[in-house]
Amino acid sequence: MITEIAFTGIPVTDLKRARDFYERVLGFKTSMESAHGMWVEYEIGGSTLGLGCYGDMWKPSEHGPCVAFEADDFEAEIARLKSLGVKFTMEPLDAPLCNFAMISDPDGNRILIHKRKAK
């Protein structure tokens with residue numbers, strides 16, 4: 001029986017470029033590096049995000065899964081990302097249960113910036 005999501009992995013083609021985006025732009029702090037520099041992990045709110053650079057074995061895709069990162073202040077995070085020149089593939093949307101916007105990492109992997117609404 002599956003009991004939890006152990007980690008979420010995102011394939012990248014250039015780990016140095018991806019790390020710059022996830023660390024400088026999104027503000028993540030590295031928690032672990034392995035596989036001779038082909039894998040890095042970030043602990044985010046009790047979950048683990050991994051970036052892996054494994055060539056043809058695991059390729060990025062703009063049509064693949066999407067990870068949603070919860071923002072403490074949605075409007076401020078959107079403004080911060082725009083000030084850094086991040087391109088939005090979907091402008092902020094006010095949905096019934098949440099607010100979200102979509103960006104892409106340097107490899108085209110889709111990322112949601114998300115904020116749940118109070119119930």
Side-chain angles (χ1 to χ4, degrees):
M1 176 176 211
I2 295 176
T3 60
E4 66 180 278
I5 295 174
F7 67 91
T8 300
I10 297 178
V12 299
T13 59
D14 181 331
L15 195 57
K16 182 178 180 182
R17 179 181 67 182
R19 288 187 70 171
D20 179 63
F21 177 81
Y22 285 88
E23 295 170 17
R24 184 183 57 80
V25 175
L26 296 181
F28 297 167
K29 305 286 185 237
T30 304
S31 60
M32 192 267 290
E33 299 175 55
S34 67
H36 306 287
M38 296 185 339
W39 182 260
V40 63
E41 290 185 357
Y42 307 96
E43 298 298 321
I44 306 165
S47 297
T48 301
L49 175 71
L51 303 178
C53 187
Y54 293 98
D56 288 339
M57 289 177 29
W58 192 29
K59 295 179 183 180
S61 171
E62 65 184 39
H63 304 292
C66 178
V67 63
F69 296 126
E70 190 73 4
D72 59 353
D73 183 333
F74 182 76
E75 290 79 15
E77 185 62 8
I78 297 303
R80 187 185 75 79
L81 291 170
K82 285 186 175 192
S83 76
L84 292 172
V86 173
K87 304 256 186 293
F88 284 72
T89 56
M90 180 188 294
E91 288 296 322
L93 179 67
D94 184 10
L97 299 176
C98 65
N99 292 307
F100 64 92
M102 186 178 290
I103 62 174
S104 296
D105 75 6
D107 281 297
N109 295 302
R110 303 285 173 106
I111 298 168
L112 283 181
I113 305 302
H114 183 269
K115 178 64 177 176
R116 291 181 195 96
K117 291 183 178 177
K119 293 181 181 182

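Just so it is clear, the model here is predicted, and its values are computed rather than measured.
Interatomic distance, OG of Ser47 versus CD of Glu4, reported as 9.0 Å (0.5 Å rounding).
In this structure the side chain of Thr30 reaches within 4.5 angstrom of the side chain of Arg19, judged on heavy atoms.
Following chains of ILVMFWY side-chain contacts shorter than 4.5 Å, one can reach Val67 starting from Ile78, so the two form part of one hydrophobic cluster. Both Leu84 and Phe88 are members of a single hydrophobic cluster when ILVMFWY side chains are connected at heavy-atom separations under 4.5 Å. Placement of Val25 and Leu51 within a single hydrophobic cluster is found when ILVMFWY residues are connected by side-chain heavy-atom separations under 4.5 Å, directly or transitively. Hydrophobic clustering, with ILVMFWY side chains joined whenever heavy atoms are under 4.5 angstrom apart, keeps Trp39 apart from Phe21. Two different hydrophobic clusters hold Phe7 and Ile111 under the rule that ILVMFWY side chains link at heavy-atom gaps under 4.5 Å.
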>> Run the side chain to side chain contact (heavy atoms under 4.5 Å, CB included) test on Leu81 and Leu26 for me, step by step, so that the C-alpha distance in whole Å, both residues' side-chain angles and the decisive distance to 0.1 Å come before the verdict.
In response: CA-CA 8 Å; Leu81 291 170; Leu26 296 181; 4.0 Å; yes
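Every ring-ring contact (aromatic ring centres under 6.0 Å, His included) that Tyr42 has, sequence neighbours left out, goes to Phe28.
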Side chains of residues 90-105: which donor-acceptor pairs under 3.5 Å do they make with residues two or more places apart or in other chains?
| unit_1 | atom_1 | unit_2 | atom_2 | d |
| --- | --- | --- | --- | --- |
| Glu91 | OE1 | Lys82 | NZ | 2.7 |
| Asp94 | OD1 | Lys117 | NZ | 2.3 |
| Asp105 | OD1 | Asp107 | N | 2.8 |
| Asp105 | OD1 | Gly108 | N | 3.1 |
| Asp105 | OD1 | Asn109 | N | 3.0 |
| Asp105 | OD1 | Asn109 | ND2 | 3.4 |
| Asp105 | OD2 | Tyr22 | OH | 2.8 |
| Asp105 | OD2 | Asn109 | ND2 | 3.0 |

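Nearest heavy atoms, Ala6 versus Thr48: O-CB, 4.2 Å.
In the displayed structure, Arg17 atom CZ is contacted under 6.0 Å by more than 12 heavy atoms of other residues, nucleotides or ligands.
The stretch residues 58-78 participates, sequence neighbours left out, in these side-chain hydrogen bond (donor to acceptor under 3.5 Å, both in side chains) pairs: Glu70-His114, Glu77-Arg80.
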